[in-house]
Amino acid sequence: MKYLITGSSGFIGYYLAKRLLADKNNVIIGIDNMNDYYDITLKESRKKELVAFSNYTFYQEDIANKAAIMTIFEQEKPDYVIHLAAQAGVRYSIDHPDTYIFSNIVGFYNILEACRHYPVKKLLFASSSSVYGANKKVPFATTDFVDHPVSLYAATKKSDELMAYAYSHLYQIPVTGLRFFTVYGPKGRPDMAYYSFTKNIIEGKPIKVFNHGDMYRDFTYIDDIIEGIMRILPLEVLPDESNTLYKIYNIGNNHPVQIMEFIKILEKHIGKEAEKIYLPMQAGDVYETYADITELTQDTGFAPKTSLEEGLDKFVGWYLDYYK
């Protein structure tokens, strides 16, 4: 099979590509614009590992460039498309809205157009737990009302879901959306709290604790995310009541942890207490994320199982080794 992965040098894209490349019969096409939203050397190190595989082809292109994307699809004709490229970050979207429109809206539209003109067996795309906004009902289920995003990032992810549904309905494209919940692990994103907290604690710098630590996150280890994707990838997308081949899944740990508890676990594995600056809730943040994974487990037989204790131990071990 030929798999096209957008955002292939990103956190999730890298791990998924490595998993698929382990089967020599698979051909992987990676697309990434290698932007400098965070440390480019980390993206380069991920890319370097992937290009060493003979069954991997890499294109440094921006998904917002429609002509380039259409050309790649025309040349490669992928069987499956896993769309993970996006401008990430809730807080960054407050001050840099243009980037989110170009990447998350225009970029995804281009992927949908390419799948329309060069039909694929299936399109998987990354959504986010942020679409649930400040919903009070927990755990968050895919059937919940999600029309009140509290950040532009969340609004673009909800927009992606709507566009994907329309394209699936109009052009019979089998589509599955994946709402990821706070993904973490080695080689992760430096803009995420677990990463920046680790850096600051080790360097003796203070960490900013928003809402005075009274927030909960459903931290999901990268290996569980990849296993979830691999289980969902081969599933047939069954038509819904309007005969549309569209499905949404939550992929989360199903076990929210309070931020203060998360910090304690991190401090234990680093072997050093953090200096904390307590601040009010930031714009765009939500109080809690908590994934209802009933459908994921029913359809795939899989449920994430890596505890935060185990996951942070692996991350800190990697961090200390990577940064010497």
Side-chain angles (χ1 to χ4, degrees), residues 1-63 65 68-86 88 103 107 110-111 114-115 118-126 176 178 180 183-190 195 220-235 251 300 302 306 311 314-315 317-319 321-323:
M1 287 293 173
K2 186 178 279 192
Y3 298 88
L4 187 147
I5 302 174
T6 68
S8 59
S9 298
F11 181 29
I12 300 173
Y14 156 77
Y15 276 99
L16 180 62
K18 272 190 75 174
R19 177 73 176 267
L20 289 167
L21 286 165
D23 183 341
K24 300 295 184 189
N25 294 314
N26 291 332
V27 174
I28 312 301
I29 311 303
I31 300 176
D32 202 296
N33 68 354
M34 304 298 289
N35 69 28
D36 61 357
Y37 168 63
Y38 60 77
D39 183 10
I40 190 70
T41 59
L42 193 58
K43 294 184 181 182
E44 290 288 358
S45 73
R46 299 187 193 123
K47 176 188 149 190
K48 185 179 178 180
E49 278 192 56
L50 297 178
V51 297
F53 288 85
S54 60
N55 48 335
Y56 182 76
T57 301
F58 178 72
Y59 291 90
Q60 184 166 340
E61 289 290 356
D62 195 316
I63 55 168
N65 182 342
I69 294 303
M70 296 300 275
T71 298
I72 293 169
F73 270 73
E74 182 181 20
Q75 290 175 351
E76 300 292 350
K77 296 183 173 56
D79 298 300
Y80 290 88
V81 173
I82 303 106
H83 176 61
L84 302 171
S103 183
N110 291 339
I111 296 298
C115 290
Y118 303 98
V120 297
K121 296 181 188 295
K122 192 177 194 177
L123 165 65
L124 265 75
F125 72 96
T176 300
L178 309 172
F180 296 130
V183 189
Y184 74 103
K187 286 186 181 286
R189 279 173 36 208
Y195 205 120
T220 314
Y221 191 64
I222 185 62
D223 289 358
D224 289 325
I225 292 289
I226 299 305
E227 183 60 31
I229 296 173
M230 292 298 293
R231 298 285 188 102
I232 291 167
L233 200 49
L235 290 182
I251 306 186
T300 68
F302 170 72
T306 308
K314 290 180 179 178
F315 171 73
W318 168 82
Y319 186 97
D321 180 64
Y322 183 80
Y323 290 103

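Any value given below was found using the heavy atoms of this structure, including those in side chains, with hydrogens, waters and symmetry copies removed.
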I need the [X] [atom1] to [Y] [atom2] distance, nearest 0.5 Å.
X	Y	atom1	atom2	value
Asn33	Asn65	CG	CG	10.5 Å
Glu44	Asp39	CD	CG	10.0 Å
Asn110	Cys115	CG	SG	11.0 Å
Ile31	Asp62	CD1	CG	10.5 Å
Lys47	Tyr56	NZ	OH	8.5 Å

Determine whether [X] and [Y] make a side-chain contact, defined as any pair of heavy atoms from C-beta on separated by less than 4.5 Å.
X	Y	result
Ile229	Phe180	yes
Ile111	Phe125	no
Ile29	Pro78	no
Leu21	Asn55	yes
Lys18	Leu50	yes

Side chain Ser8, main chain Tyr14, donor-acceptor under 3.5 Å:
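Side chain of Ser8 to backbone of Tyr14: no pair is present.
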
Main-chain N/O of Ala85 paired to Thr6 side chain as donor or acceptor, under 3.5 Å:
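Yes, the answer is positive, given that a donor and an acceptor are paired below the 3.5 Å cut-off.
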
Show the nearest heavy-atom pair for residues [X] and [Y], with the distance to one decimal.
X	Y	result
Ile226	Ile12	CD1-O, 3.8 Å
Ser9	Arg46	O-NH1, 2.7 Å
Asp32	Met34	OD1-N, 2.7 Å
Lys122	Leu235	NZ-O, 2.7 Å
Phe11	Lys187	CD1-O, 3.4 Å
Ile232	Thr300	CG1-CG2, 4.0 Å

Evaluate side-chain contact (heavy atoms from CB on, under 4.5 Å) for Arg19 paired with Asn26, printing each intermediate quantity in order.
CA-CA 10 Å; Arg19 177 73 176 267; Asn26 291 332; over 6 Å; no

Taking 4.0 angstrom as the limit, do Glu227 and Arg231 come out as a salt bridge?
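The answer is yes: the pair qualifies as a salt bridge.
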
Verdict with reasoning, Lys43 to Tyr38, per side-chain contact (heavy atoms from CB on, under 4.5 Å)
CA-CA 9 Å; Lys43 294 184 181 182; Tyr38 60 77; 3.6 Å; yes

Within a radius of less than 6.0 Å around CG of Asp36, do more than 12 heavy atoms belonging to other residues, nucleotides or ligands occur?
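No, CG of Asp36 has 12 or fewer neighbouring heavy atoms, counting only those of other groups under 6.0 Å.
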
Using ring-ring contact (aromatic ring centres under 6.0 Å, His included) as the criterion, list what pairs up with Tyr3, not counting sequence neighbours.
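For Tyr3, the residues satisfying ring-ring contact (aromatic ring centres under 6.0 Å, His included) (neighbours in sequence not counted) are Tyr80.
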
Can you spot which of Ile225, Ile5, Ile222 makes a side chain to side chain contact (heavy atoms under 4.5 Å, CB included) with Leu16?
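With Leu16 as partner, side chain to side chain contact (heavy atoms under 4.5 Å, CB included) holds for just one option, Ile5.
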
Residues Glu76, Lys2; criterion side-chain contact (heavy atoms from CB on, under 4.5 Å); working and verdict:
CA-CA 8 Å; Glu76 300 292 350; Lys2 186 178 279 192; 3.2 Å; yes

Proximity of Tyr221 and Phe315 rings by center, below 6.0 Å
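Centroid separation for Tyr221 and Phe315: 6.0 Å or greater.
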
Does the plane of the ring in Tyr322 sit parallel, tilted or perpendicular to the ring in Trp318? Use 30° and 60° as the thresholds.
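Parallel, since the angle between the ring planes stays under 30°.
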
Would you sort out whether Arg189 and Tyr195 count as a side-chain contact (heavy atoms from CB on, under 4.5 Å), showing the intermediate values?
CA-CA 7 Å; Arg189 279 173 36 208; Tyr195 205 120; 5.8 Å; no

